[in-house]
Amino acid sequence: MSISIDGPDFVALQVRDVEAAAEFCEKHLGLRRTPASPPGAVVFDTKPCPMAVREPLPGTDLDSGRPGLGVALWFSTPDAQALHDKLTADGVTVLTPLADSPFGPFFSFVGPEGYVLTAHGA
């Protein structure tokens, strides 16, 4: 019998200030909180899997380097250009210009606490 995993079914960004990170996600990305979250976390109603911002797990040193170094976290959006324009107008740092890819138009920006996030059009 072979044992395997199905794929990601939950994503969490470990942050120092959970409420500030949650507010960033709500204000700039339009995410909505779920009705209930575990202590020390805010869970959002995202698809295909939920995403959260949470307090760091034991042994996590957020000061040892850039958050999420080596992990690429992509979000889908129905309109990458509109999101790009909104984030730019909101003063969010956009790291890469909007460009075409096999996944549709995409760009990367600085999210909560320095995480690099990428958005792509559907």
*Asks:* Can you see which heavy atom on Ala80 is nearest to which on Gly121, and at what distance?
*Replies:* CB-N, 3.7 Å
*Asks:* How far apart are the closest heavy atoms of Thr60 and Gln14, and which atoms are they?
*Replies:* OG1-OE1, 3.1 Å
*Asks:* For the pair Arg33 and Glu19, find out whether any cationic side-chain nitrogen is under 4.0 Å from an anionic carboxylate oxygen.
*Replies:*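 Yes, charged N to carboxylate O under 4.0 Å.
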*Asks:* Could you measure the distance from the CD atom of Gln81 to the NZ atom of Lys86? Nearest 0.5 Å is fine.
*Replies:*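 Here the rounded value is 14.5 Å.
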*Asks:* So, do Phe107 and Val94 sit near enough that their side-chain heavy atoms are less than 4.5 Å apart?
*Replies:*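 Yes. Closest side-chain heavy atoms under 4.5 Å.
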*Asks:* Counting N and O atoms only, with roles assigned by atom type, does the side chain of Glu113 sit under 3.5 Å from a partner on the main chain of Arg16, one being a donor and the other an acceptor?
*Replies:* yes
*Asks:* Can you classify the ring geometry of His120 versus Trp74 as parallel (below 30°), tilted (30 to 60°) or perpendicular (above 60°)?
*Replies:* tilted
*Asks:* Please report the interatomic distance CZ(Phe44) to OG(Ser37), rounded to the nearest 0.5 Å.
*Replies:* 8.0 Å
*Asks:* What is the distance from atom CG of Asp45 to atom NZ of Lys47, rounded to the nearest 0.5 Å?
*Replies:*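 Going from the CG atom of Asp45 to the NZ atom of Lys47 covers 3.5 Å.
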*Asks:* I'd like to know if Leu29 and Leu98 are part of one continuous hydrophobic network [Ile/Leu/Val/Met/Phe/Trp/Tyr, side-chain heavy atoms within less than 4.5 Å].
*Replies:*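 Cluster IDs for Leu98 and Leu29 match.
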*Asks:* Look at the aromatic rings of Phe109 and Phe24 and report parallel, tilted or perpendicular, splitting at 30° and 60°.
*Replies:* parallel
*Asks:* Between Ala52 and Phe10, which heavy-atom pair has the shortest distance, and what is it?
*Replies:* CB-CZ, 3.6 Å
*Asks:* So which atom in Met51 and which in Thr46 form the shortest heavy-atom distance, rounded to 0.1 Å?
*Replies:*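 Taking Met51 first and Thr46 second, the nearest heavy atoms are N-OG1, 3.0 Å.
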*Asks:* Between Thr34 (side chain) and Val43 (backbone), is there a donor-acceptor pair under 3.5 Å?
*Replies:* yes
*Asks:* Among the clusters formed by ILVMFWY side chains lying less than 4.5 Å apart, do Val11 and Val18 turn up in the same one?
*Replies:* yes
*Asks:* In terms of hydrophobic clusters joined by side-chain contacts under 4.5 Å, are Leu13 and Val92 together?
*Replies:* yes
*Asks:* For Thr96 and Ser108, indicate whether the former's side chain and the latter's backbone hold a donor-acceptor pair under 3.5 Å.
*Replies:* yes
*Asks:* Are Val15 and Leu73 linked, directly or through other ILVMFWY residues, by side chains that come within less than 4.5 angstrom of each other?
*Replies:*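 Val15 and Leu73: one cluster.
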*Asks:* Let me check something: do Leu117 and Val42 share a hydrophobic cluster, defined by ILVMFWY side-chain heavy atoms less than 4.5 Å apart, either directly or through other members?
*Replies:*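 Same cluster.
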*Asks:* Which atom pair, heavy atoms only, marks the closest approach of Tyr115 to Gly68?
*Replies:*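 Between these two residues, the closest heavy atoms are CE2-N, 3.5 Å.
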*Asks:* Kindly compute the distance separating NE2 (His84) from OG1 (Thr77), expressed to the nearest 0.5 Å.
*Replies:* 12.5 Å
